[in-house]
Amino acid sequence: MRETYDFKAIEKKWRERWAEAEAFRVSEDADGEKYYLLEMFPYPSGKIHMGHVRNYAIGDVAARFLKMRGRNVLHPMGWDAFGLPAENAAIKNGIHPNRWTSEHITAMREQLELMGFAYDWGREVATCDPAYYRWTQWIFVQFFKRGLAYKKKNPVNWCPSCETVLANEQVADGLCERCGTPVGKRELEQWYLKITDYAERLLADLEGLTDWPSKVKTMQKNWIGKSVGAEADFPIVGFDRDLRIFTTRPDTLYGVTYMVLAPEHPYVRPLVAGGVYEASVDAFLEKLQYLSDIDRSATTLEKEGLFIGRYAVNPMNGKEVPIYIANYVLMDYGTGAIMAVPAHDTRDFDFATKYGLEIIPVVDPGDGTDLEHMTESFVAEGTMINSGPFDGLGNREAGERIAAHLEQNGLGQKSVNYRLRDWLISRQRYWGTPIPMVFCPVCGWVPEKEENLPVLLPTDVEFTGKGESPLTTSKSFRETVCPACGGPAEREIDTMDTFLDSSWYYLRYTDARNTDEIFAKGRADYWMGVDQYIGGVEHAILHLLYARFFNKFLYDIGHSPVREPFTRLLTQGMVLKDGTKMSKTLGNVVSPEDLVERFGADTVRLFILFASPPEKELEWSDTGVEGSYRFLNRVYRLVAGLREVTRDAPDRYEAVTEDADKELSFAMHAAIKKVGDDIGGRFNFNTAISAIMEFVNALYRYKGAAANPALLKAAERNLILLLSPFTPHLCEELWAETGHTGFVYDEQWPTYDADVLARDTVEIVVQINGKVKEKLRVSGGLGTDDLIAAVNREKRVRTLIAGKEVIRVIGVPNKLVNIVVKGN
RNA sequence: GCCGGAGUGGCGGAAUUGGCAGACGCAUCGGACUUAAAAUCCGGCGAUCCGUAAGGGUCAUACCGGUUCGACCCCGGUCUCCGGCACCA
């Protein structure tokens with residue numbers, strides 16, 4: 001064994017051996033209960049960053065650990081390979097996106113392999129591969145066949161920089177989530193997926209995800225945004241149609257003092273046409289047109305509105321109230337119209353105050369609030385007033401009864417609304433999955449025949465970065481024949497949002513090479529669901545919601561075997577430098593490659609797992625990395641130094657009797673227990689590593705004592721096993737150097753002996769009035785009474801309580817005795 | 001504004017069920033080894049007070065209060081920071 005830890009030679013050697021042996025291939029036939037461990041696959045940018053390293057190191061330790069615990073672990077990797085950067089490179093440098101992407105995949109795969117991650121590369125997928133996107137298209141066709149994919153003309157979010165439309169989910173604060181450009185509106189005919197049909201299930205099934213962070217569940221819940229209430233029809237004076245509104249507060253119907261329509265509401269024009277209000281309404285609408293989406297949606301924006309000269313009739317009491325249009329009512333939620341109850345809604349209160357509108361309280365908080373002169377709206381629970389037959393009821397019950405009254409009298413009905421909108425999936429880009437639809441002048445929109453899939457991306461396109469989808473420039477692509485009638489027809493030229501590609505990849509991994517079907521049912525049945533999914537919290541809403549939606553759909557049509565795809569979810573924290581996110585613009589990026597070059601992959605893996613628990617943010621520390629490197633050297637030297645003693649020692653050790661031996665034996669079993677519990681339970685890798693460090697420290701202390709070679713040999717062996725999931729290259733080397741054959745990865749995880757951990761004597765704490773005064777050694781395992789008796793016998797304790805009145809004594813076995821005394 | 005989460009030494013962080021606060025590591029200081037340095041090994045290291053010393057006292061987990069024999073942990077309130085949503089009727 002060499003004197004020093006030559007990580008370069010060691011890591012290269014074991015990488016090659018693993019690859020040769022295809023050590024990480026798995027199949028359904030292997031022994032052991034299956035475990036599907038998945039990390040979110042990366043976009044092939046060409047370079048891995050610390051976030052990737054952290055994400056995949058967490059997964060890799062878990063995978064290796066579970067494998068050693070006897071599980072049949074599926075741990076695949078692939079590429080979320082469609083997307084804008086490749087296309088932008090094509091526009092800028094004339095490289096075809098396909099070449100750009102495959103080169104970047106190759107580069108990144110090498111970097112991942114350099115880290116020593118145990119993937120089954122035989123299942124690698126790339127979403128831009130026709131063998132993959134064929135099935136993305138197939139899923140789209142299934143959606144279409146069941147009426148869940150439709151094309152609709154609508155004002156859509158348009159990013160002028162990316163030159164494409166965006167889903168609502170991809171607009172943050174009115175800015176494009178990708179590039180930060182303010183998003184505008186365009187009227188376009190686009191494809192949508194009816195995710196709203198799944199809103200209720202996506203919401204309800206969150207309940208069952210007990211091993212998901214509550215934070216993520218809350219975010220999804222808020223995003224789906226379920227509101228329970230009622231719709232009601234308000235007749236409009238002198239108009240032939242009723243105005244339908246949605247409210248979550250039917251209890252406040254008697255407090256309605258005006259109505260508000262969204263400016264885009266279809267009734268607005270007919271209601272003002274030819275009248276004196278037409279000109280001012282036009283002016284108001286024009287002004288709104290010029291407002292960008294950000295300004296329009298800002299909460300800080302002053303509420304503005306306009307009376308349109310019409311009145312509506314309250315269906316409950318016949319009261320006539322004025323109709324307004326205002327910038328704070330949205331067309332695409334509810335019915336695009338509201339009843340305004342300023343007494344019990346903050347927004348309505350603001351508006352009413354500004355325009356001098358009537359305020360009628362109908363819910364009394366019952367705390368003496370002066371309802372005649374309200375200074376703010378009252379939105380909490382209370383007792384009904386000014387509400388005819390409903391006076392005196394609790395407002396909650398009144399709401400139920402009023403909603404029932406509406407329903408019975410044909411004035412409205414109970415209703416549920418979701419904030420979730422249908423998913424706009426058309427993108428006017430080249431580098432994505434073609435939408436497999438054909439427009440026939442006779443048959444309308446027809447899906448491509450399933451046997452003709454995939455609809456391949458054409459190669460004869462120009463990348464100008466302007467205007468419509470680059471697919472329009474292809475001579476061959478657009479013209480086709482109708483799959484239904486065989487007549488001349490045109491292909492859809494938009495491609496899919498890349499989020500569709502990543503919404504089902506976890507299913508494809510179960511049978512990644514299948515050319516006949518999306519995946520064999522038996523294989524998905526065996527592997528699904530994903531037992532542990534790991535990724536960044538930035539995907540808490542979009543990716544995870546879409547993936548759940550796709551899986552539910554595939555479940556409904558008999559393909560996915562599970563209702564929820566991801567049983568357990570871990571969202572890892574960001575890697576920070578100097579308290580902020582690493583970014584090129586800030587120039588604080590630490591390159592994994594450089595660090596691997598200087599310290600080796602094992603050191604980087606160890607540090608990134610040791611510095612912080614996985615779900616927390618991790619502050620990067622260069623000196624901390626050096627510390628991890630020192631530790632691995634220390635381990636290497638320790639094992640090298642022990643060889644002399646352990647080489648010829650027996651494999652089993654007899655019961656230990658010497659004190660020093662007992663200490664080491666205890667340290668060993670304690671480490672086995674702690675490391676196993678910490679990895680197996682809550683993924684507390686940082687404390688697991690601490691425990692290994694303590695074990696190493698104990699071994700260094702022991703080395704000087706009269707050594708028991710057989711015990712040392714066992715300790716050496718267990719140390720290597722415990723450390724191996726974290727620093728696999730080093731441990732394979734040490735495993736081989738200590739005379740073992742085969743991969744340490746294939747070994748059994750060690751077990752501990754509970755009897756060793758139950759020590760003969762334990763140190764217990766003696767407290768007086770809750771303050772630690774003394775520490776004593778007593779026999780282990782004493783019951784409460786025996787413990788107290790033992791403590792009472794101690795001279796030192798009797799001195800402590802001499803002359804004091806003992807009121808009470810509390811004993812906690814193996815821990816402490818607290819003596820409560822009076823006086824000092 | 002609403003909804004989450006978090007506040008512990010110089011720093012990253014431990015404390016698994018209410019039971020020794022600060023494990024482990026980083027930084028730093030001291031010692032050994034060395035001609036010397038690096039590396040390595042050993043040791044000190046929350047604050048403060050008393051004591052020459054051995055040793056002992058007091059305070060301390062953002063802040064205020066409560067429950068309890070005992071609180072970083074549970075309860076009520078306040079502050080700060082981070083994240084998500086944001087005119088969704």
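Reminder, nothing fancy here: chain letters follow the sequence lines and each chain counts from 1. None of the values given here were measured: they were computed from a predicted structure.
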TODO: Toss me the dot-bracket line for RNA chain B: Watson-Crick and G-U wobble, both under 3.5 Å, 5' to 3', using | for pairs to another strand and [ ] for crossers.
DONE: (((((((..(((......[....))).(((((.......))))).(((((....)))))..(((((..]....))))))))))))....
What nucleotide among [options] has an atom nearest to a side-chain atom of [X]?
X        : options             : value
A/Thr623 : B/C3, B/C24, B/A27  : B/A27
A/Ile338 : B/G13, B/A89, B/C26 : B/A89
A/Glu694 : B/G57, B/C24, B/C26 : B/C24
A/Met219 : B/C24, B/A89, B/G84 : B/G84
A/Arg637 : B/A86, B/C69, B/C41 : B/C41

[X] bridged to [Y] by N-O distance under 4.0 Å:
X        : Y        : result
A/Glu231 : A/Arg244 : yes
A/Lys673 : A/Asp677 : yes
A/Lys287 : A/Glu304 : yes
A/Arg249 : A/Asp345 : no

Looking at [X] and [Y], what are the two nearest heavy atoms and their distance?
X        : Y        : value
A/Leu664 : A/Phe695 : CD1-CE1, 4.4 Å
A/Thr210 : A/Lys217 : CA-NZ, 4.0 Å
A/Ala688 : A/Ile679 : CB-CG1, 4.2 Å
A/Tyr5   : A/Asp602 : OH-CB, 3.9 Å
A/Ile58  : A/Gln572 : CD1-CB, 3.7 Å

Side-chain N or O of [X] less than 4.0 angstrom from OP1 or OP2 on [N]?
X        : N     : result
A/Arg419 : B/A86 : yes
A/Ser612 : B/G13 : yes
A/Ser227 : B/A89 : yes
A/Asn697 : B/A23 : no
A/Arg634 : B/C41 : yes
A/Arg630 : B/A27 : yes

- [ ] At under 4.0 Å between heavy atoms, which parts of nucleotides 16-21 of chain B does protein reach? Answer with one letter per nucleotide, 5' to 3': B base, S sugar-phosphate only, - none.
- [x] B--BB-
[X] [atom1] - [N] [atom2] separation (whole Å):
X        : N     : atom1 : atom2 : value
A/Ile807 : B/U68 : CD1   : P     : 15 Å
A/Phe683 : B/G13 : CZ    : C1'   : 20 Å
A/Phe631 : B/G12 : CZ    : C1'   : 17 Å
A/Phe610 : B/C26 : CZ    : P     : 8 Å
A/Ile689 : B/G12 : CD1   : P     : 18 Å
A/Tyr702 : B/C41 : OH    : P     : 20 Å
A/Asp332 : B/A89 : CG    : P     : 13 Å
A/Lys217 : B/G5  : NZ    : P     : 12 Å

Open item on the list: Need one value for A/Asn633: base, sugar-phosphate or nothing, where a base atom within 4.0 Å counts as base even if backbone is also close, heavy atoms only.
Closed with: nothing
- [ ] Answer with base, sugar-phosphate or nothing: what part of the nucleic acid does A/Gly334 contact at a heavy-atom distance below 4.0 Å?
- [x] nothing
Open item on the list: Would you say CD of A/Glu626 has more than 12 non-hydrogen atoms from neighbouring residues, nucleotides or ligands within 6.0 angstrom?
Closed with: yes
Open item on the list: Within 90° of 0 counts as syn, otherwise anti: where does B/G9 fall?
Closed with: syn
TODO: Please confirm whether A/Phe607 and A/Tyr629 have ring centers closer than 6.0 angstrom.
DONE: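 That pair fails the under 6.0 Å test.
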Open item on the list: Which is more 5' along RNA chain B, the nucleotide nearest A/Asn686 or the one nearest A/Thr248? Just name the residue.
Closed with: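 Nearest-nucleotide comparison on RNA chain B picks A/Asn686.
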TODO: Between B/G10 and B/G1, how far apart are the C1' atoms? Round to whole Å, please.
DONE: 39 Å
Open item on the list: Please give the distance between the C1' atoms of B/A47 and B/G9 as a whole number of Å.
Closed with: 9 Å
